[in-house]
Peer 1: 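For reference, the structure I am asking about is given below.
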2 protein chains.
Amino acid sequence: MNSSRPVTIKDIARRFRCSPSTVSRALNDHPAINEDTRKNIQEYAREVGYQRNEVSLSLLNKKTASLGVVVPTISNYYETAVIEGLHQALQPMGYTLNICVTNENYALEKEYLAKLLSNRTEGIFLSVSQETYDSGYYEHLESVIQRKTPLIFIDREYEDFETSRATVDDYHGAFAAVEHLINIGYKNIAHLKGPNGLTVSEQRFKGYVDCLKKYDMPVQEEFIINTNFKVESAIVPTKRLLEMAMPPDAIFGVNDQVAIGAMRVVKDKGLRIPQDVGLVGFDNSPISAYTFPSLTTVSRPGRKIGMEASRLFLNQVNGAEDFKHESIVLPSELIIRESSLRI
Amino acid sequence: MNSSRPVTIKDIARRFRCSPSTVSRALNDHPAINEDTRKNIQEYAREVGYQRNEVSLSLLNKKTASLGVVVPTISNYYETAVIEGLHQALQPMGYTLNICVTNENYALEKEYLAKLLSNRTEGIFLSVSQETYDSGYYEHLESVIQRKTPLIFIDREYEDFETSRATVDDYHGAFAAVEHLINIGYKNIAHLKGPNGLTVSEQRFKGYVDCLKKYDMPVQEEFIINTNFKVESAIVPTKRLLEMAMPPDAIFGVNDQVAIGAMRVVKDKGLRIPQDVGLVGFDNSPISAYTFPSLTTVSRPGRKIGMEASRLFLNQVNGAEDFKHESIVLPSELIIRESSLRI
DNA sequence: ATATTGAATGCAAACGTTTGAAAAAATTTC
DNA sequence: GAAATTTTTTCAAACGTTTGCATTCAATAT
């Protein structure tokens with residue numbers, strides 16, 4: 001029976017009664033190889049579908065050309081945009097991305113990191129899980145650092161390590177969003193906050209609070225309600241907001257999903273957007289431009305983050321002597337649409 | 001200077017003046033190793049942060065425990081759900097997923113497949129790119145087949161190979177959607193079609209056509225317009241539809257994105273949904289439940305597809321003698337919401 | 001004291017490839 | 001036709017780990 005063991009250089013060598021070195025050189029167009037030999041070997045190799053075993057090469061050269069991307073989720077527009085950016089920048093350099101989804105889970109994150117190191121991954125892009133962030137345990141990163149495997153933080157960062165980071169300026173994005181609502185004339189602005197403890201949630205929250213303070217508007221405890229970033233998690237909180245004795249006249253959602261959930265509830269109550277309630281989201285997801293009314297939002301340059309992160313990584317590996325870690329903060333941009341344009 | 005070369009078994013062996021075999025056995029709790037030796041070695045290994053080089057093991061055992069996932073895009077809800085399903089099923093078995101995004105590009109798909117084979121990936125989940133599908137060139141899959149690397153088709157399939165497949169029953173989903181519109185009483189049903197040539201597009205299109213035929217309704221050429229699956233690609237086509245002398249009274253979108261784009265245009269025209277225009281999408285994306293009105297749609301069990309595909313793969317590798325390739329077709333399910341409920 | 005056992009360790013090969021140096025073969029030069 | 005030169009090929013080591021078999025050494029049985 002024809003076993004399907006991949007054909008190796010040794011097999012070819014046997015066939016031509018020559019040494020493996022000759023085959024290797026022939027296949028790599030080494031100049032010291034006789035023209036005929038080269039042609040014959042290359043032809044035969046093509047014929048039998050020879051494909052070099054990269055595993056053995058990795059072992060020999062201690063290069064794997066593979067990079068780890070460790071993220072809490074891939075089911076958001078933003079995350080996939082980041083990954084696309086990484087792809088776009090790194091695929092042409094011959095790198096392969098190993099995408100690991102932690103589901104916000106510490107144990108899984110730890111396991112993935114160990115595995116990536118064991119597989120001699122050449123670099124790791126990490127957006128830490130919520131559990132990690134909450135717990136404050138960063139021991140699992142020690143070995144990454146110790147191994148000097150380049151580690152690039154994405155979005156969620158951890159101050160204690162000397163690493164490169166690429167993040168979006170959530171704070172000023174949120175600030176601008178709330179400022180815009182205030183400028184339009186909204187007086188009572190609620191916030192559908194993200195999960196506690198996450199940088200993105202907290203930064204946006206801080207932007208919201210600081211902006212209110214700047215304009216001497218009260219920060220009302222009951223106007224701040226948690227969500228988990230998903231559409232459906234906005235429903236109950238928004239209902240609660242609208243049923244208050246003194247309901248808000250504008251809502252700032254931690255992301256577009258949540259804002260869209262809120263939009264639905266507002267409409268169900270028979271209130272008009274933006275006349276009765278103003279609405280702002282975050283992310284500039286494709287759909288936000290086509291809701292009715294279209295959603296004012298803050299754009300996060302996910303793809304660009306991915307590309308910047310790649311640049312930071314490449315800087316590090318092509319490391320000049322004077323290499324220094326960088327912290328890139330990309331600006332977010334307010335996109336004004338109908339949902340906040342009360343005239 | 002302390003080089004950061006990962007510490008190897010040989011390093012440890014040198015330290016204890018013993019052979020690498022002993023270290024290896026000690027670390028793997030081999031019974032023939034002296035208790036003290038074992039403890040000392042293990043302790044030291046932990047201390048210096050030894051991590052086994054999996055690359056060398058891969059070479060030795062010809063097992064890499066890594067799987068390729070080759071998809072055209074990851075920026076849709078459905079695709080990420082599939083990947084999550086794969087993850088959920090395969091991560092616990094110790095497999096690592098290598099996600100490759102082809103951007104519907106033939107050359108990139110070919111390159112990725114070659115790379116995966118070179119890296120001795122143990123299995124490949126493939127949803128072929130549109131270019132591949134269009135061109136009909138499947139030569140790049142020959143080597144996968146030849147190497148007997150398990151190949152599981154996802155959604156977009158190719159009939160000529162003996163492989164396993166997991167797909168969603170798009171045809172009957174589309175059929176049910178259109179039938180529902182007809183039952184409600186819509187008479188002129190347009191279709192915002194996906195890109196030509198793709199199985200999903202064509203199957204849904206076929207379901208649409210066949211259903212119309214079943215109910216003796218005319219299939220009108222000008223009611224069928226192409227989109228590229230994205231929200232914005234629905235805008236112009238929908239406008240064109242609504243500005244016809246005899247405009248449709250219902251629109252079946254190839255996916256939710258497109259339907260949501262159409263929803264926006266319909267509302268802009270001042271028409272009411274579902275009274276003036278009925279609307280149905282496809283995918284049951286999270287947002288579809290919270291648009292206003294909520295969107296009638298067809299759910300595609302992405303996560304389940306991922307898990308089924310995993311099952312097919314595992315069947316194949318744990319291969320019983322009597323292993324046979326399977327073609328799983330999961331049903332899609334009509335989800336009736338407000339956008340089509342004209343009473 | 002010697003043979004026998006058992007425990008602990010070492011040797012060497014293997015996985016597939018590359019590469020500097022050495023060797024062999026072919027060609028040129030006188 | 002031998003020496004010198006050039007071209008082509010082979011050898012051997014290396015990457016890090018595992019594993020069957022051989023070896024060593026001490027303890028026990030005779």
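Lettering follows sequence order; numbering is per chain, from 1.
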Peer 1: Within the structure shown, what part of the strands sits under 4.0 Å from A:Tyr50 by heavy-atom distance: base, sugar-phosphate, or nothing?
Peer 2: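 Counting heavy atoms under 4.0 Å across all strands, the contact made by A:Tyr50 is with sugar-phosphate only.
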Peer 1: Does a side-chain N or O from B:Lys62 land closer than 4.0 Å to OP1 or OP2 of C:dA14, or not?
Peer 2: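 The answer is no; no side-chain N or O of B:Lys62 sits under 4.0 Å from OP1 or OP2.
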Peer 1: Would a distance-only check, ignoring hydrogens and angles, find a side-chain to backbone donor-acceptor pair under 3.5 Å from B:Glu109 to B:Thr102?
Peer 2: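 No; judged by distance alone, with no hydrogens or angles, the pair does not exist.
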Peer 1: Under a plain distance cut-off of 3.5 Å, with no hydrogens placed, do A:Tyr78 and A:Asp155 share a side-chain donor-acceptor pair?
Peer 2: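 A:Tyr78 and A:Asp155 do have a side-chain donor-acceptor pair below 3.5 Å.
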Peer 1: Grab the CD-P distance between B:Glu54 and D:dG16 for me, whole Å please.
Peer 2: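 Rounded to whole Å, this separation is 14 Å.
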Peer 1: For a quick check under 3.5 Å, do A:Thr132 and A:Ser129 share a side-chain donor-acceptor pair by atom type?
Peer 2: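 Yes.
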Peer 1: Separation of B:Ile41 atom CD1 from C:dA8 atom P, in whole Å?
Peer 2: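 Answer to the nearest Å: 13 Å.
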Peer 1: Is a side-chain donor-acceptor pair under 3.5 Å present for B:Glu79 with B:Thr73?
Peer 2: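 No donor-acceptor contact under 3.5 Å links the two side chains.
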Peer 1: Provide the full list of salt bridge (charged side-chain N to carboxylate O under 4.0 Å, His left out) pairs with a residue in residues 27-41 of chain A, sequence neighbours left out, each pair given once.
Peer 2: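 Those involving residues 27-41 of chain A are A:Asp29-A:Arg38, A:Glu35-A:Arg38.
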Peer 1: B:Leu59 has an atom CG; how far is it from atom P of C:dG16, in whole Å?
Peer 2: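 To the nearest whole Å, that distance equals 7 Å.
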Peer 1: Does any N or O in the side chain of B:Asn105 come within less than 3.5 Å of the main-chain N or O of B:Leu108, such that one atom is a donor and the other an acceptor?
Peer 2: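 Present.
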Peer 1: What's the CG-P distance between A:Asn61 and C:dT19, to the nearest Å?
Peer 2: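 A:Asn61 atom CG is separated from C:dT19 atom P by 7 Å.
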Peer 1: Touch check for A:Ile9, heavy atoms < 4.0 angstrom, all strands: base, sugar-phosphate only, or nothing?
Peer 2: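 It contacts sugar-phosphate atoms only.
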Peer 1: Walk along nucleotides 22-27 of chain D from 5' to 3' and tag each nucleotide B, S or - by protein heavy-atom contact under 4.0 Å, base first, then sugar-phosphate.
Peer 2: ------
Peer 1: From the set D:dT17, C:dT18, D:dC15, return the single nucleotide nearest to any side-chain atom of B:Arg52.
Peer 2: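 For B:Arg52, the side-chain atoms sit closest to D:dT17.
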Peer 1: Write down the distance between NZ (B:Lys10) and C1' (C:dA12), rounded to a whole number of angstrom.
Peer 2: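 Rounded to the whole Å, the gap is 13 Å.
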Peer 1: Would a line drawn from the ring center of A:Tyr95 to the ring center of A:Phe313 be shorter than 6.0 Å?
Peer 2: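 Here the rings of A:Phe313 and A:Tyr95 have centres that are less than 6.0 Å from each other.
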Peer 1: Are B:Ser75 and A:Glu84 close enough that a side-chain donor and a side-chain acceptor fall under 3.5 Å?
Peer 2: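 There is such a pair (donor and acceptor under 3.5 Å, judged by atom type) between the side chains of B:Ser75 and A:Glu84.
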Peer 1: Once you round it to whole Å, what is the distance between C1' of C:dT18 and NZ of A:Lys63?
Peer 2: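 It is 15 Å, rounded to the nearest whole Å.
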Peer 1: Counting only N and O atoms by type, is there a donor-acceptor contact under 3.5 Å from the side chain of B:Thr64 to the main-chain atoms of B:Arg120?
Peer 2: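 Checking the backbone N and O of B:Arg120 against the side chain of B:Thr64, a donor-acceptor pair under 3.5 Å is found.
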Peer 1: A:Leu60 has an atom CG; how far is it from atom C1' of D:dC15, in whole Å?
Peer 2: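 So the CG-C1' distance, A:Leu60 to D:dC15, works out to 6 Å.
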Peer 1: Which parts of residues 17-40 of chain A get close to DNA chain C, meaning a heavy atom less than 4.0 angstrom away?
Peer 2: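 Residues of residues 17-40 of chain A under 4.0 Å from DNA chain C: A:Ser21, A:Ser24, A:Arg25, A:Asn28.
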Peer 1: What is the distance, to the nearest angstrom, from the CG atom on A:Leu57 to the P atom on C:dT18?
Peer 2: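 The answer, rounded to whole Å, is 5 Å.
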